[in-house]
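It should be emphasised that the depicted structure is a prediction, and the values quoted were computed from it without experimental measurement. The chain is numbered in sequence order, starting from 1.
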Amino acid sequence: MSKILIRGAKVLGGEPQDVLIDGETIAEVGTGLDAEGAEVVEADGKVLLPGLVDLHTHLREPGREDSETVLTGTRAAASGGYTAVFAMANTFPVADTAGVVEQVWRLGREHGYCDVRPVGAVTVGLEGRKLAELGAMHESAAGVTVFSDDGKCVDDAVIMRRALEYVKAFGGVVAQHAQEPRLTEGAQMNEGVVSAELGLGGWPAVAEESIIARDVLLADHVGSRVHICHLSTAGSVEIVRWAKSRGIRVTAEVTPHHLLLTDELVRTYNPVYKVNPPLRTERDVHALREALADGTIDIVATDHAPHPHEDKDCEWAAAAMGMVGLETALSVVQETMVDTGLLDWAGVADRMSFQPARIGQATGHGRPVSAGEPANLTLVDTAYRGQVDPAGFASRSRNTPYQGRELPGRVTHTWLRGKATLVDGKLT
């Protein structure tokens with residue numbers, strides 16, 4: 001593999017430096033590096049980050065290839081600056097056995113746009129009644145470390161306790177979709193002023209918060225690790241903050257759309273804004289931003305949820321929940337966190353690379369941009385501003401809430417172990 005010299009990049013937003021890639025690793029970081037024999041990429045002051053890591057992606061394969069495949073989803077990931085994604089288990093068949101998680105893992109290796117780390121189901125068929133083959137999935141070639149019934153809540157406290165006890169034996173983590181099912185029956189959007197005015201079934205904040213409160217107490221009792229998926233309310237932030245102050249081993253994620261969008265958008269009745277958990281209030285949005293800035297929320301995760309056109313181009317009540325997010329995540333984080341002064345680019349690297357890699361134990365990812373480290377990198381033109389056009393997405397689906405919206409920043413290059421997967425904004 002040839003050498004690549006990235007010249008004049010702001011590493012983690014700092015002063016411009018040169019970064020020399022030799023094969024799969026970073027050979028040298030400094031100024032005025034020798035470019036002899038190297039392909040030169042003129043960074044011109046763009047920001048260089050470690051390759052992004054998404055702990056929460058839906059790739060849909062096997063079973064819903066009309067929405068997304070491992071190939072199209074990982075191409076979307078590379079376009080967004082990601083070098084590793086964790087693929088959720090709600091496929092058909094469900095990823096609740098060693099065989100299914102190995103299939104997803106091998107597809108990721110074959111396509112080569114980013115590393116794919118399968119997430120194993122907590123319960124058989126996501127049905128919440130019987131633990132899945134957690135140990136077998138961990139010991140498989142896929143080496144599963146994260147388990148989740150995402151899309152459904154592990155609402156049975158005994159099952160959740162047993163799962164936490166089981167994964168503790170090998171250092172795994174249970175990622176909980178916090179949604180008390182009885183409290184959200186028939187729910188269509190956030191419960192509040194807007195739902196009352198529109199006459200849509202309300203999704204109360206307590207349905208999320210009650211599960212989080214229960215699970216941090218269970219994790220404390222067992223001495224295990226719990227991760228909270230797509231945290232969305234100010235109350236949830238306070239529970240996680242309290243749990244961390246007690247030394248409970250809890251981590252949490254927030255999605256880009258919950259950092260930017262509010263339930264006021266539901267007034268349009270456009271199903272593109274229908275998502276689980278639902279868009280919340282302006283107060284919740286500000287609480288989430290502050291919590292991400294101060295570290296109460298550990299990471300940004302996309303919850304990339306692709307759906308075919310017919311599942312979204314319908315009346316609100318019949319529409320599927322979810323949004324695509326891999327290709328716009330970094331832009332939304334720049335707008336909500338960097339351009340507002342809440343995070344610098346080193347903070348973005350922490351929340352979108354270092355910490356998700358640590359939580360998911362993604363070896364070789366989330367590493368410093370320094371000599372001897374794997375060359376998993378992304379280059380970002382932070383001065384760019386442009387309208388989002390889903391027609392140009394690499395994802396198979398187009399259900400973005402940002403169509404036509406102007407967002408800052410554009411990923412121009414992505415390297416996976418020294419191999420370019422994106423060059424000048426185009427997939428290789």
Side-chain angles (χ1 to χ4, degrees), residues 4-14 16-21 24-26 29 39-55 57 73-86 112-117 256 299-302 304 325-335 337-338 343-357 360 362 364-370 373-384 386 393-395 407-428:
I4 300 168
L5 180 68
I6 308 169
R7 186 151 55 194
K10 296 180 179 179
V11 178
L12 273 61
Q17 290 183 291
D18 301 341
V19 176
L20 180 65
I21 299 172
E24 296 186 355
T25 61
I26 298 170
V29 178
E39 173 192 348
V40 178
V41 175
E42 297 291 354
D44 298 322
K46 296 181 179 72
V47 171
L48 187 68
L49 300 173
L52 307 184
V53 178
D54 188 16
L55 201 66
T57 302
T74 54
R75 285 169 63 89
S79 296
Y82 289 89
T83 54
V85 298
F86 284 72
Y113 281 92
C114 75
D115 286 347
V116 176
R117 300 292 301 271
I299 67 170
V300 176
T302 69
H304 175 81
L326 285 167
E327 294 168 81
T328 52
L330 192 56
S331 291
V332 175
V333 170
Q334 180 178 336
E335 175 157 309
M337 301 302 296
V338 179
L343 278 182
D344 57 15
W345 284 106
V348 173
D350 181 74
R351 308 307 195 271
M352 298 187 74
S353 183
F354 299 148
Q355 294 304 326
H365 296 276
R367 301 295 305 162
V369 181
S370 58
E373 296 289 353
N376 296 318
L377 301 166
T378 187
L379 189 63
V380 188
D381 180 359
T382 60
Y384 173 88
F393 281 1
S395 172
L407 289 175
R410 181 175 75 102
V411 175
T412 62
H413 294 71
T414 306
W415 291 272
L416 176 64
R417 287 183 290 278
K419 179 182 178 182
T421 56
L422 187 79
V423 175
D424 292 328
K426 298 179 181 178
L427 290 159
T428 57

Which pairs would a plain distance check flag for residues 345-356, meaning a side-chain donor or acceptor within less than 3.5 Å of a matching protein atom at least two apart in sequence or in another chain?
residue : atom : partner : partner atom : Å
Asp350  : OD1  : Gln355  : NE2          : 3.1
Arg351  : NE   : Leu292  : O            : 2.9
Arg351  : NH2  : Leu292  : O            : 3.1
Arg351  : NH2  : Ala293  : O            : 2.9
Ser353  : OG   : Gly51   : O            : 2.8
Gln355  : OE1  : Arg358  : NE           : 2.6
Gln355  : OE1  : Arg358  : NH2          : 2.8

Whether the side chain of [X] engages the backbone of [Y] through a donor-acceptor N/O pair (distance < 3.5 Å, no angle test) should be reported.
X: Thr421; Y: Thr414; answer: yes
X: Asp18; Y: Gly8; answer: yes
X: Thr74; Y: Tyr113; answer: no

Is there side-chain contact between [X] and [Y], with heavy atoms separated by less than 4.5 Å?
X: Thr57; Y: Arg117; value: no
X: Leu48; Y: Trp415; value: yes
X: Val41; Y: Thr412; value: no
X: Val380; Y: Arg410; value: no

Measure across [X] and [Y] and return the closest heavy-atom pair with its distance rounded to 0.1 Å.
X: Cys114; Y: Val85; answer: SG-CG2, 3.9 Å
X: Ala78; Y: Leu427; answer: CB-CD2, 3.9 Å
X: Gly366; Y: Val53; answer: N-CG2, 4.4 Å
X: Val369; Y: Leu377; answer: CG2-CD2, 3.9 Å
X: Ala9; Y: Leu379; answer: CB-CD1, 4.2 Å
X: Ser79; Y: Val411; answer: O-CB, 3.6 Å

For the atom pair [atom1] ([X]) and [atom2] ([Y]), what is the distance rounded to the nearest 0.5 Å?
X: Gln334; Y: Thr382; atom1: CD; atom2: OG1; result: 5.5 Å
X: Tyr82; Y: Asn376; atom1: OH; atom2: CG; result: 14.5 Å
X: Leu20; Y: Ile26; atom1: CG; atom2: CD1; result: 10.0 Å
X: His413; Y: Thr428; atom1: NE2; atom2: OG1; result: 10.5 Å
X: Leu416; Y: Glu24; atom1: CG; atom2: CD; result: 8.5 Å
X: Ile299; Y: Leu52; atom1: CD1; atom2: CG; result: 12.0 Å

Given Asp115, Thr83, Thr25, the one that forms side chain to side chain donor-acceptor pair (under 3.5 Å) with Arg417 = Asp115

List the atom pairs, donor and acceptor, that lie under 3.5 Å between side-chain atoms in residues 325-332 and the rest of the protein, sequence neighbours left out.
residue : atom : partner : partner atom : Å
Glu327  : OE1  : Ala394  : N            : 2.8
Glu327  : OE2  : Ala394  : N            : 3.3
Glu327  : OE2  : Ser395  : N            : 3.1
Ser331  : OG   : Pro408  : O            : 2.8
Ser331  : OG   : Gly409  : O            : 3.0

